[in-house]
Amino acid sequence: QNMAIEVTMRHSDVRIESLKDYAEARMEKLQKRFPKVTSINIVIDVDAKKRMYMCEVVANRLGETAVGAKEFSESGKSVIDAAAARAERQLLKMRVKARKGSVRKQRAASVKNA
């Protein structure tokens with residue numbers, strides 16, 4: 001399983017650099033739960049004036065793009081967790097939809113063949 005995890009830091013400073021490892025570890029967890037995810041891009045931005053973090057997670061699953069998850073928080077770690085959790089919810093919906101779709105296709109095929 002080789003999945004690309006790309007972490008982009010905007011307005012990078014020391015606080016953000018320390019979050020990079022945390023973000024990568026969090027995305028690896030996400031990937032374990034969703035093995036069909038082929039790539040994850042995560043963008044972390046910090047607004048130094050407001051001391052607010054923004055995080056966006058974009059995950060690709062079987063050609064579908066799941067998830068633009070943006071969150072603001074004063075804590076870099078909680079912003080990553082919130083964005084990742086939102087991404088996971090969308091991936092779960094996709095997975096459920098995909099399963100329902102494949103069942104429908106099988107039924108349709110069996111009716112025609114009967």
Side-chain angles (χ1 to χ4, degrees):
Q1 281 186 2
N2 57 337
M3 184 205 53
I5 298 176
E6 193 180 315
V7 182
T8 305
M9 304 294 191
R10 294 204 185 122
H11 304 112
S12 190
D13 65 9
V14 176
R15 286 170 300 183
I16 281 194
E17 287 306 319
S18 65
L19 285 175
K20 194 170 184 173
D21 295 338
Y22 183 80
E24 282 174 1
R26 187 66 183 79
M27 293 308 117
E28 279 164 18
K29 266 191 216 164
L30 186 152
Q31 209 264 330
K32 280 193 182 93
R33 275 192 71 193
F34 299 95
K36 288 180 180 169
V37 168
T38 50
S39 71
I40 298 176
N41 291 333
I42 177 165
V43 177
I44 301 167
D45 197 351
V46 64
D47 184 329
K49 286 189 198 112
K50 293 182 190 156
R51 292 211 178 96
M52 292 294 267
Y53 291 89
M54 187 280 288
C55 178
E56 184 174 27
V57 176
V58 179
N60 291 301
R61 179 184 181 275
L62 302 176
E64 280 186 289
T65 301
V67 186
K70 287 189 183 184
E71 295 288 338
F72 288 91
S73 172
E74 289 171 29
S75 153
K77 284 185 178 177
S78 72
V79 92
I80 290 166
D81 286 337
R86 195 176 271 187
E88 284 169 355
R89 282 199 299 276
Q90 287 191 24
L91 286 165
L92 268 174
K93 280 184 195 166
M94 274 187 185
R95 187 196 271 169
V96 169
K97 236 182 359 190
R99 286 205 181 129
K100 280 184 183 158
S102 62
V103 168
R104 250 184 240 125
K105 278 179 200 147
Q106 284 163 4
R107 279 200 197 125
S110 65
V111 169
K112 282 174 197 153
N113 297 337

Pairing residues for [X] by the side-chain contact (heavy atoms from CB on, under 4.5 Å) criterion, not counting sequence neighbours:
| X | answer |
| --- | --- |
| K93 | none |
| R33 | E88, L92 |
| K36 | R61, L62 |

Inset, instruction - Find the distance between CD (E28) and CD1 (I40) and round it off to the nearest 0.5 Å. - result: 9.0 Å
Legend entry - Hydrophobic cluster membership, V57 vs V7, 4.5 Å side-chain cutoff: yes
Legend entry - ILVMFWY cluster, I5 and L30 together (side-chain gap under 4.5 Å): yes
Legend entry - Qualifying residues under side-chain hydrogen bond (donor to acceptor under 3.5 Å, both in side chains), relative to S75, sequence neighbours excluded: S78
Inset, instruction - Could you tell me which residues satisfy side-chain hydrogen bond (donor to acceptor under 3.5 Å, both in side chains) with D81, sequence neighbours excluded, listed by chain and number? - result: Y22, R26
Legend entry - Worked verdict on N60 versus S39 for side-chain hydrogen bond (donor to acceptor under 3.5 Å, both in side chains): CA-CA 5 Å; N60 291 301; S39 71; 2.9 Å; yes
Considering all heavy atoms of both residues, which atom of [X] and which atom of [Y] are nearest to each other, and what is their separation?
| X | Y | value |
| --- | --- | --- |
| A59 | V37 | CB-CG1, 4.3 Å |
| V79 | S73 | CG2-N, 3.8 Å |
| I80 | M27 | CG2-CE, 4.4 Å |

Legend entry - Minimum side-chain heavy-atom gap M94-Q90 below 4.5 Å: no
